[in-house]
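Just below is one structure, and these are the notes that go with it.
Treat the numbers as computed from the prediction; the structure is a model and nothing was measured. Just so we're on the same page: letters track the sequence lines, and every chain starts at 1.
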Protein chains: 2
Amino acid sequence: MMVSTKGRYALTVMVDLARNAADAYVSLSDIAEREDLSMKYLESIISTLNKGGMLLSLRGKNGGYKLAREPKDYNINEILLLTEGTLAPVGCIMQDGVHCDKAATCSTLPLWAGLDGVIENYLSNITLQDIIEGNRKKMLGDYCDNCESN
Amino acid sequence: MMVSTKGRYALTVMVDLARNAADAYVSLSDIAEREDLSMKYLESIISTLNKGGMLLSLRGKNGGYKLAREPKDYNINEILLLTEGTLAPVGCIMQDGVHCDKAATCSTLPLWAGLDGVIENYLSNITLQDIIEGNRKKMLGDYCDNCESN
DNA sequence: AATTAATCCTACCTAAATGGTAGGATTTAG
DNA sequence: CTAAATCCTACCATTTAGGTAGGATTAATT
């Protein structure tokens, strides 16, 4: 599994905040209850999102979190990358340039690099806005059963 | 990581066999030595490939393995699927129809389904032959640095 | 018939990652 | 002052990854 619950729940939190945006700060307990997820676990996840500059937070009573930007200005790749650390499909594709010592002669490396590119391309072109709008055509593409043909 | 060493080594073995095809059976110790991988570990991996109908095997002295079909008739998706069990990017996408009980209302599910489709589409369209030919254009697509522009 | 070289099979093992939980310190609105 | 919230550190159980070990079986060669 490329994306663990950490990344999945992080996206769920972002979508929840995008939906319940208004202008107010939303408490984590509200999010946890709405999404039926462990608040304690979400705490560590939302901390990563917050430190990564994805959110604004307010401590103390009536505090909580809200999005730092508009939903259309978040792409899914950056959200998952922040929480997962890497989205590389294999261990021999590194984001920081470190790679296997056989890389120069490896015949399968272009395959993994190509796969990595396809994944990043897909996720980078979908925004938080697309998700809350339920833009199935963009997300499911040609494989969408009930998307209009134009 | 979506693809573990199991799947990666399985592909390495298939590529090695495709290269050293001839007509003869190739012993696992030869493959392990050429690819610089543990023979004992490869044993369990090649067993999966063999039982899955990807290979032909011959026991006893001078025995070994060879491809059951021509390299152009293997796509990478089927090789990885067999050895990894699943290539789903998240736990909530299952190959056998089992899914999360929130699926009906989940707003992120189309994203995961779309990602899954993109991965499967990419891997299904690349063959073992493409790899041994070093078809960088097909593997790296638009992201290829030194592919010809036509 | 014996030897050798190969696949086949079952069991085991260590380290790291996953998916959390627990408890308390700090901050701020009312 | 109190309640409700974020923030922070530590811990922990289970599963997965990445192998290793040892031997049984099969078949070609001498």
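When rounded to the nearest whole Å, the span between CG of A:L56 and C1' of C:dT27 equals 17 Å. The distance between atom CD1 of A:I45 and atom C1' of C:dT18, rounded to the nearest whole Å, is 11 Å. The nearest whole Å value for the distance from the OH atom in B:Y65 to the C1' atom in C:dA6 is 9 Å. Atom-to-atom, CE of B:M39 to P of D:dG23 comes out at 16 Å; the value is rounded to the nearest Å. The nearest whole Å value for the distance from the CZ atom in B:R59 to the P atom in D:dT26 is 5 Å. For A:E43 and C:dA22, the CD to C1' distance is 11 Å, given to the nearest whole Å. If you measure from atom CG of B:L58 to atom P of C:dC8, you get 9 Å, rounded to the nearest angstrom. The interatomic distance linking A:K66 (NZ) with D:dT6 (C1') rounds to 16 Å, in whole Å.
Positionally, the nearest nucleotide of DNA chain D for A:K40 lies more toward the 5' end than for the other of A:K40 and B:K40. The residue among A:S44 and A:N62 whose nearest nucleotide of DNA chain C lies closer to the 5′ end is A:S44.
The phosphate of D:dA17 (OP1 or OP2) has no side-chain N or O of B:Y9 nearer than 4.0 angstrom. Using a 4.0 Å cut-off, no side-chain N or O of A:S47 falls inside it from OP1 or OP2 of D:dT6. A close approach under 4.0 Å does not occur between any side-chain nitrogen or oxygen of B:Y41 and OP1 or OP2 of C:dC13. Dashed line: the shortest gap from a side-chain N or O of B:T5 to OP1 or OP2 of D:dG18 is under 4.0 Å. Checking the phosphate oxygens (OP1, OP2) of D:dT6, no side-chain nitrogen or oxygen of A:N50 falls inside 4.0 Å.
Scanning all heavy atoms of the two residues, the minimum distance from A:T127 to A:K72 falls at CG2-O, 3.6 Å. The nearest pair of heavy atoms linking B:M139 to A:L111 is SD-N, 3.7 Å. Taking each heavy atom of A:C106 and A:P110 in turn, the nearest pair found is O-CD, 3.7 Å.
Counting heavy-atom neighbours within 6.0 Å of B:K138 NZ, excluding the residue itself, gives a total above 12. At most 12 non-hydrogen atoms from other residues, nucleotides or ligands lie less than 6.0 angstrom from CD of B:E33. Residue-environment remark: NZ (A:K66) exceeds the threshold of 12 foreign heavy atoms within 6.0 Å.
Contacts between residues 24-34 of chain B and DNA chain C, counted as heavy-atom distances below 4.0 Å, involve B:S27, B:L28.
Neither side chain, B:N50 nor B:S47, offers a donor N or O lying under 3.5 Å from an acceptor on the other.
As judged by a 4.0 angstrom heavy-atom cut-off over every strand, B:I46 is placed among residues making no nucleic acid contact.
Comparing D:dT6, C:dA5, D:dG18 against the side chain of B:K61 picks out C:dA5 as the nearest.
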